[in-house]
Amino acid sequence: MLSRLSLSLSALGTRPAARLPARPLSLSPRHPCILAPALSARMSTFKQDAHKLLVIPGPIEVTDEVLFANAHPSMSHVSPDFIPVFGDCIRMIREVLFTTDAQPFIISGSGTLGWDQVSANLVEPGDNVLVLNSGYFGDSFADCLRTYGAAVDEVRAPFGAAVELTSLAVALKTKKYKLVTITHVDTSTGVLSDAKEIAKVVKHASPDTLIALDGVCSVASEEIQMDAWGIDVVLTASQKGLGTPPGLSVLVASQRAIKVFEERKTPVTSYYASWKKWLPIMRAYEGGSAAYFATPPVNLVYAFNASLTQLTKKAPSLADRFRLHKEASARIKREAEKLGFRQLPVDLGYAANGMTALYFPEGIAASDILPRLAKRDVVVAGGLHKDHKDKYFRIGHMGVSVVDPQRGDIDKVIAALKESLAEAKASKNASPVPPPGSNNAPELGATDAVLRSTPAPRL
């Protein structure tokens, strides 16, 4: 069965594939990343098939332009047409993170691969690492670091909270750490850590310590000033705020981090994640030539290029995008609270702008709300944290759903939430069948009695 997100044949043209242009793709010679007129015209007619609105905290909805770029005809990863497309991705991701000279790594994989890159390239066995843990993904980053031999300490925040700066300062006095890790937005809780202030504390107490920011659920929905804040590594993935289908691990490392990597005393402890393998590849493509270690996902790189072009070259600007994310986030949170939902973050000043985590109202469960939202073509995510996952759910509001109000995605989410809760309450408040023997009770036959003796499942 074709996916609801599959490409429409009418959009791509109904002629047989053999009659498509013989070249893999016709590009503008002056601007290699811009589609030539023939394909630009075809793009203008392309629309995604109707589908349920995806508002989980990643993957997210993508634009028609990005999905069309992902349908690019097969092309060699060393083609002269592809080289500048990949090179431009490397340059544009720097703009998103406000860095001038940090080194991007764009590799086939998930955001999890970023943890491996940090652990394998910047940490040597026995090195001290401090993990600031605000949820499930702090647990996982710590586990990854230990797998590679790091001596890991954790400053753990209570569920729904961010690590206190005073707790961080105390921990930094106990020993010398090579690396401090921050989960900018923990997708399991929707808690936003103050990366700027955390970096200040680390720089003051331990200037030589590297700072790695897990930005999987924050890049392009939360502002990250990599150079100005002194962040050494930002790791993320393509499928969240960056508005591209899943499949790209995206990591950007400061020149200071690259120097630490180059001066390590022991061999890198991963093969596929080794910067020794990938650094020459990234430098080659940015410099205008091809190089090979492992085949990049060419089509995804085209899609990523289309999304980065929208982020960095078109309206709204990055500053406006951050503002729009804050406005959409505030609106969803405000409307949800009016309905009786309570936010998971204990300090609302540390609630993420790209997602919302909400406790179910008293007497309401996931089974009461999530299926009803899906019936209204709105797909949200259940709880994730192992100790509390049945008590809350998560809504993602990133990318095109936020920055293109004409789509009406935020309106649809709020309306579906109101209707689903009202329907769930009505279902629970429906008058029960009067007990046998009462004046209004219907007469029961044998079969009815058997059925009535079996407790009804809770909705």
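Side chains included, hydrogens not; waters and symmetry mates left out as well; all remaining heavy atoms used. Just so you know, these numbers come straight off a predicted model, no measurement behind them.
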Between [atom1] on residue [X] and [atom2] on residue [Y], distance to nearest 0.5 Å:
{"X": "Gln239", "Y": "Ile60", "atom1": "CD", "atom2": "CD1", "value": "9.0 Å"}
{"X": "Ile231", "Y": "Leu210", "atom1": "CD1", "atom2": "CG", "value": "11.0 Å"}
{"X": "Glu61", "Y": "Leu67", "atom1": "CD", "atom2": "CG", "value": "10.0 Å"}
{"X": "Leu358", "Y": "Leu344", "atom1": "CG", "atom2": "CG", "value": "8.5 Å"}

Salt bridge check, [Y] against [X]: does any charged N sit closer than 4.0 Å to a carboxylate O?
{"X": "Lys375", "Y": "Glu423", "value": "yes"}
{"X": "Arg94", "Y": "Asp227", "value": "no"}
{"X": "Arg376", "Y": "Glu419", "value": "yes"}
{"X": "Asp409", "Y": "Lys412", "value": "no"}
{"X": "Glu154", "Y": "Arg146", "value": "yes"}

Is it true that Phe82 and Phe86 have ring centroids separated by less than 6.0 Å?
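Distance test on ring centres: under 6.0 Å, yes.
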
Taking the six-membered ring for Trp, are His385 and Tyr136 ring centroids under 6.0 Å apart?
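No, they do not, as the ring centres are separated by 6.0 Å or more.
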
[Y] backbone acceptor or donor facing [X] side chain under 3.5 Å:
{"X": "Ser221", "Y": "Ser218", "value": "yes"}
{"X": "His397", "Y": "Asn353", "value": "yes"}
{"X": "Gln48", "Y": "Val62", "value": "yes"}
{"X": "Asn121", "Y": "Gln117", "value": "yes"}
{"X": "Ser193", "Y": "Ala195", "value": "no"}
{"X": "Asp411", "Y": "Gly408", "value": "no"}
{"X": "Asp377", "Y": "Leu53", "value": "no"}
{"X": "Asp368", "Y": "Ala365", "value": "yes"}
{"X": "Thr174", "Y": "Val170", "value": "no"}

Just to verify, what does [X] make a side-chain hydrogen bond (donor to acceptor under 3.5 Å, both in side chains) with, not counting sequence neighbours?
{"X": "Asp232", "answer": "Ser254, Arg256"}
{"X": "Lys326", "answer": "none"}
{"X": "Lys333", "answer": "Ser329, Thr356"}
{"X": "Tyr392", "answer": "none"}

Looking at every heavy atom in both [X] and [Y], which two are closest together, and how far apart are they?
{"X": "Met355", "Y": "Asp186", "result": "SD-O, 4.3 Å"}
{"X": "Gly247", "Y": "Leu300", "result": "CA-CD1, 3.6 Å"}
{"X": "Ala336", "Y": "Leu417", "result": "CB-CD2, 4.2 Å"}
{"X": "Ser249", "Y": "Ser110", "result": "CB-O, 3.2 Å"}
{"X": "Asn305", "Y": "Val85", "result": "ND2-O, 3.0 Å"}
{"X": "Leu242", "Y": "Leu308", "result": "CD2-CD2, 4.2 Å"}

Which residue pairs pass the ring pair (Phe, Tyr, Trp, His ring centres under 6.0 Å) test when at least one of the two sits in residues 212-238, sequence neighbours left out?
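Matches after skipping sequence neighbours: none remain.
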
After noting the C-alpha distance and the side-chain angles of Gln310 and Thr63, does the key distance pass the side-chain contact (heavy atoms from CB on, under 4.5 Å) rule?
CA-CA 10 Å; Gln310 292 173 336; Thr63 66; 3.2 Å; yes

Can you confirm whether the side chains of [X] and [Y] place a donor and an acceptor under 3.5 Å from each other?
{"X": "Gln103", "Y": "Gln255", "answer": "no"}
{"X": "Asp143", "Y": "Trp115", "answer": "no"}
{"X": "His325", "Y": "Glu223", "answer": "no"}

I'd like to know whether NZ of Lys203 has more than 12 heavy-atom contacts from other residues, nucleotides or ligands below 6.0 angstrom.
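Yes.
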
May I ask you to check whether over 12 heavy atoms, not counting those of Lys276, lie within 6.0 Å of atom NZ?
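No.
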
Parallel, tilted or perpendicular for [X] and [Y], by the 30°/60° rule?
{"X": "Phe293", "Y": "Trp278", "value": "perpendicular"}
{"X": "Phe159", "Y": "Tyr359", "value": "perpendicular"}
{"X": "Trp275", "Y": "Phe261", "value": "perpendicular"}

Between Lys277 and Ile281, is the side-chain contact (heavy atoms from CB on, under 4.5 Å) condition met? List the steps.
CA-CA 7 Å; Lys277 304 290 187 183; Ile281 308 301; over 6 Å; no

Step by step, work out the side-chain hydrogen bond (donor to acceptor under 3.5 Å, both in side chains) result for Tyr148 and Asp116.
CA-CA 8 Å; Tyr148 285 87; Asp116 286 84; 2.5 Å; yes

Mind checking salt bridge (charged side-chain N to carboxylate O under 4.0 Å, His left out) for Lys175 and listing every partner two or more places apart, or none if nothing turns up?
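So Lys175 forms a salt bridge (charged side-chain N to carboxylate O under 4.0 Å, His left out) with Asp153.
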
